[in-house]
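Some notes on the structure that comes next.
Any value given below was found using the heavy atoms of this structure, including those in side chains, with hydrogens, waters and symmetry copies removed. Model, not experiment: these values are computed from the prediction.
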Amino acid sequence: MTAERGAGGIWAVVPVKPFDLAKQRLAATLAPPARARLARAMLEDVLAALRQAESRPGGTPDGAGGSGGLAGTLIVSAEPAVAELAPAYGAEWLAEPAVAGLNAALARTARHLAARRAAGLMVLPGDLPGLAAAEVAQVIAAHPAGGVSLVAAHDGQGTNGLLATPPEVIGFAFGPGSLAAHRAAAQAAGVPVRVHAAAALPGLGFDVDAPGDLARLARLPAESRTRQALAAEGVSVDRT
C-alpha cells in the first residue's frame with residue numbers, strides 16, 4: 001500500500017474566504033472587485049512562500065526541534081477559484097460545501113489531517129503577503145513537542161499563526177482576543193505553549209485588515225503579487 005502523502009509531517013493549513021466576501025474592512029479604500037483581486041494576490045504570495053517552505057529539509061516527525069519543512073499545504077475554502085490555484089502551487093484543496101465559519105472549518109480540517117496521520121498542522125491566514133519560508137521554518141524548529149506554538153498578530157491580540165501537534169490537541173478560537181484564548185486552551189489541555197511576538201516574525205506577524213495596513217506593504221518587494229495588484233488599482237504604498 002502506498003503511504004499517504006504527508007503522513008507523519010506538519011501541514012500548512014490556509015483558510016480562505018470566498019474572494020467576493022474578503023477584506024470588507026477595506027471598503028472605504030477599495031471597491032468589491034478590487035478587494036477580491038487583492039485577496040487572491042495575497043493568497044498567491046502566501047502559497048508561493050509555503051511552496052518554498054515545503055522544499056526545505058523536513059523536521060522531526062513530532063514537529064519539534066526540526067530544521068523546517070512542511071509536508072504539504074492544504075487550502076480550506078468554499079472559493080471555486082482555489083480549484084485552479086491549489087495545483088498551481090503544489091497545494092491541495094479541502095472544499096467547504098458552504099461558508100460555515102473559520103473555527104468550524106478548522107476543526108473539520110484537523111479531523112481530516114488526523115485521519116491522514118499528519119503529525120500536526122500550522123494554520124496561516126491567506127492575508128500574510130510578507131510571509132517568508134524561513135519564518136515558517138523558525139516556528140517549526142522552536143515548536144514544543146506535543147504542544148502549541150502561536151504567532152501574535154501585529155495588534156498583539158490576534159493569532160497569525162498556530163502550530164499544533166497533534167492536529168486536534170486544542171480547539172480553535174480565532175476571532176477577537178484569539179491569542180489569549182488559544183494560550184488558555186493550551187494551558188487547559190495541559191500541553192506546552194510557545195508564543196512568538198509579531199516583531200520577531202515580521203512577515204508572519206503582519207496581516208492586512210484595515211486601510212491603514214496598506215501603507216505597511218511598502219516593505220514588500222515590487223514584484224510581489226500583492227504590490228502588483230494594488231498598483232493595478234492605482235493604490236500607491238510607496239513611502240514618502
Side-chain angles (χ1 to χ4, degrees), residues 12-53 73-106 108-109 122-132 136 153-155 158-162 172 174-176 178 202-238:
V13 172
V14 184
V16 176
K17 278 186 179 181
F19 294 147
D20 61 357
L21 299 178
K23 299 300 150 196
Q24 296 189 27
R25 289 175 61 188
L26 297 176
T29 303
L30 297 172
R35 296 200 302 271
R37 288 189 287 268
L38 176 62
R40 177 173 177 141
M42 289 194 294
L43 174 60
E44 290 199 62
D45 281 335
V46 168
L47 294 177
L50 292 176
R51 191 166 197 178
Q52 291 181 7
T73 296
L74 186 64
I75 308 170
V76 183
S77 182
E79 168 56 55
V82 172
E84 169 195 348
L85 283 174
Y89 289 92
E92 295 184 13
W93 178 29
L94 183 61
E96 284 290 288
V99 181
L102 175 56
N103 293 315
L106 290 175
R108 174 175 174 253
T109 304
M122 187 173 187
V123 180
L124 297 165
D127 60 352
L128 305 176
L131 180 67
V136 174
H154 64 278
D155 65 1
T159 307
N160 271 18
L162 186 157
F172 301 100
F174 285 92
S178 66
L204 244 170
F206 176 58
D207 56 323
V208 177
D209 279 325
D213 296 332
L214 297 178
R216 300 182 65 183
L217 297 176
R219 72 182 64 175
L220 296 178
E223 64 272 15
S224 76
R225 293 162 185 80
T226 300
R227 287 284 298 269
Q228 292 174 2
L230 289 172
E233 304 300 334
V235 178
S236 174
V237 295
D238 292 326

Please name the pair of heavy atoms, one in D127 and one in K23, separated by the smallest distance, quoted to 0.1 Å.
-> OD2-NZ, 2.5 Å
Spacing of E233 atom CD and L214 atom CG [to the nearest 0.5 Å] | 11.5 Å
Smallest separation among heavy atoms of A83 and P87, with atom names | O-CD, 3.2 Å
Closest contact, heavy atoms only, P129 versus T226 = CB-OG1, 3.3 Å
If you take all heavy atoms of L102 and P15, which pair is closest and at what distance?
-> CD1-CB, 3.4 Å
Using a 4.5 Å cut-off on heavy atoms from C-beta on, say whether the side chain of L131 contacts that of L50.
-> yes
Gap between atom CZ of R35 and atom CG of L21 - 0.5 Å precision | 9.5 Å
Pairwise side-chain contact, V82 with S77, heavy-atom cut-off 4.5 Å (strictly under) = yes
Work out which heavy atom in R225 is nearest to a heavy atom in A41; give both atom names and the distance.
-> O-CB, 3.5 Å
Smallest separation among heavy atoms of A78 and E96, with atom names = CB-O, 3.5 Å
side-chain contact (heavy atoms from CB on, under 4.5 Å) between L47 and I75, intermediate numbers included | CA-CA 9 Å; L47 294 177; I75 308 170; 3.8 Å; yes
F206 side chain near N160 side chain, heavy-atom distance below 4.5 Å = no
Check the pair L124 / V13 against side-chain contact (heavy atoms from CB on, under 4.5 Å), numbers first and verdict last.
-> CA-CA 6 Å; L124 297 165; V13 172; over 6 Å; no
Applying side-chain contact (heavy atoms from CB on, under 4.5 Å), run through Y89 and T73 and close with a yes or a no.
-> CA-CA 9 Å; Y89 289 92; T73 296; over 6 Å; no
Would a 4.5 Å heavy-atom cut-off, applied to side chains only, mark L38 and L230 as touching?
-> yes
Rounded to the nearest 0.5 Å, how far does CE of M42 lie from OG of S224?
-> 11.0 Å
Mind checking the NZ-CD spacing from K17 to Q24? Nearest 0.5 Å is all I need.
-> 6.0 Å
Salt bridge flag under 4.0 Å for residues R40 and E79 = no
Main-chain N/O of E223 paired to Q228 side chain as donor or acceptor, under 3.5 Å = yes
